[in-house]
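Predicted model, so just to flag it, every value in this text is computed and none were measured.
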Amino acid sequence: TRINRVELRGASYPFTESGLAEAIERLKRPRPSGLLRINEELTDLLLLGTAVEQTVDGVTRAFQVKFVDWADPGANVFHACAEFDVEREHTTEARRPDIVLFVNGIPFAVIECKGPSIGVEQAVSQNIRNQQDGEIATLFRTVQLLIATNKNHVRYGTVGTAAPFWSKWTELEDRETDMLAAANTPLDADQ
């Protein structure tokens, strides 16, 4: 409700609980296609939102529900969960991705972390395995970023990315003079 309001005739109203529940149900409803296609469809919903009928002040029409406030990132709620238990399909066993990042309660990133003596390829493999049927594919329906890491290496991909196509995470090296200048620059009072 925090990022969603009905704007009508210069006034602002809250969405009804049933309207918000209908929007959330559109994210959760079963889809017959494979995980990659489901992820594409749900990414569209996350980016664009969905129209939900509301009656406000005697006027019934469709109003847009946002799942993420892209214009004002600070309006969203962010969570990180370590060792996130997810029940495997058709069983009571669970898998535990090392870290799952959520935006407004929606899983956006899954991170697998390995120790320094274990190759980052094992973390990639674990992320790929977890997307398979019979595993925890439902977690990945809305996930936008997958990360595999050990102490020295980081690779990243998206849902459906085959192991050879996971990209190497690289960062630009910061020059020491630039870092010192940034650290010693006072912030404006307005910031």
Side-chain angles (χ1 to χ4, degrees), residues 1-29 38-57 61-86 96-113 123 127 130 136 138-149 154-159 161 166-175 178-191:
T1 61
R2 193 169 124 163
I3 64 171
N4 286 293
R5 303 283 297 172
V6 173
E7 305 296 331
L8 183 67
R9 298 182 188 131
S12 181
Y13 305 89
F15 271 87
T16 62
E17 290 296 318
S18 63
L20 293 174
E22 180 182 335
I24 291 167
E25 188 57 38
R26 291 180 188 170
L27 275 180
K28 294 169 48 177
R29 86 169 53 125
I38 292 168
N39 183 270
E40 290 171 353
E41 290 173 16
L42 294 181
T43 295
D44 286 344
L45 274 178
L46 293 174
L47 289 170
L48 304 172
T50 188
V52 175
E53 266 196 11
Q54 296 285 278
T55 301
V56 177
D57 219 12
R61 71 175 218 219
F63 294 92
Q64 200 70 7
V65 172
K66 300 181 289 189
F67 295 103
V68 177
D69 190 332
W70 299 104
D72 180 10
N76 298 298
V77 177
F78 300 89
H79 288 102
C81 183
E83 298 292 326
F84 185 66
D85 279 337
V86 183
R96 265 181 218 93
D98 292 322
I99 303 170
V100 179
L101 304 178
F102 297 86
V103 178
N104 299 330
I106 301 166
F108 259 69
V110 175
I111 305 170
E112 285 298 338
C113 308
N127 259 318
N130 286 343
I136 57 172
T138 55
L139 173 66
F140 295 88
R141 291 166 47 105
T142 57
V143 167
Q144 303 299 302
L145 177 65
L146 302 171
I147 297 176
T149 185
V154 179
R155 297 212 179 271
Y156 66 95
T158 58
V159 169
T161 302
W166 280 60
S167 296
K168 202 181 222 184
W169 188 286
T170 57
E171 294 189 27
L172 298 175
E173 290 294 320
D174 293 314
R175 294 183 313 184
D178 294 337
M179 295 301 293
L180 288 171
N184 292 316
T185 301
L187 292 176
D188 290 340
D190 296 338
Q191 291 184 348

In the structure I gave you, are the side-chain heavy atoms of [X] and [Y] within less than 4.5 Å of one another anywhere?
{"X": "F140", "Y": "N39", "value": "no"}
{"X": "I106", "Y": "L27", "value": "yes"}
{"X": "F67", "Y": "T50", "value": "yes"}
{"X": "F78", "Y": "L101", "value": "no"}
{"X": "D98", "Y": "I111", "value": "no"}
{"X": "T149", "Y": "W169", "value": "no"}
{"X": "N104", "Y": "I3", "value": "yes"}

Legend entry - Results of side chain to side chain contact (heavy atoms under 4.5 Å, CB included) for T138 - residues two or more places apart only: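 Result, side chain to side chain contact (heavy atoms under 4.5 Å, CB included) vs T138: E89, R141.
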Inset, instruction - May I ask you to decide if T16's main-chain N or O and Q54's side chain share a donor-acceptor pair within less than 3.5 Å? - result: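 Such a contact is found between Q54 side chain and T16 backbone.
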[X] to [Y] - nearest heavy-atom pair and separation:
{"X": "L46", "Y": "T142", "value": "CD1-O, 3.8 Å"}
{"X": "V100", "Y": "P107", "value": "CG1-CB, 4.2 Å"}
{"X": "R61", "Y": "L8", "value": "NH1-CD1, 3.7 Å"}
{"X": "E112", "Y": "P97", "value": "OE2-CA, 3.1 Å"}

Inset, instruction - Quick one: do R155 and K168 satisfy side-chain contact (heavy atoms from CB on, under 4.5 Å)? Show the steps, please. - result: CA-CA 5 Å; R155 297 212 179 271; K168 202 181 222 184; 3.5 Å; yes
Inset, instruction - Only one of V56, T55, V65 passes side chain to side chain contact (heavy atoms under 4.5 Å, CB included) with V6; say which it is. - result: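 Of V56, T55, V65, side chain to side chain contact (heavy atoms under 4.5 Å, CB included) with V6 is met by V56 alone.
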Legend entry - Parallel, tilted or perpendicular, as decided by the 30° and 60° cut-offs, for the rings of F102 and F84: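 Perpendicular.
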To the nearest 0.5 Å, tell me how far [X] [atom1] sits from [Y] [atom2].
{"X": "I24", "Y": "L45", "atom1": "CD1", "atom2": "CG", "value": "12.0 Å"}
{"X": "F63", "Y": "E7", "atom1": "CZ", "atom2": "CD", "value": "9.5 Å"}
{"X": "L145", "Y": "T158", "atom1": "CG", "atom2": "OG1", "value": "8.5 Å"}
{"X": "E53", "Y": "S18", "atom1": "CD", "atom2": "OG", "value": "11.0 Å"}

Legend entry - Flag for D69-N76: side-chain donor and acceptor within less than 3.5 Å: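 There is no such pair (donor and acceptor under 3.5 Å, judged by atom type) between the side chains of N76 and D69.
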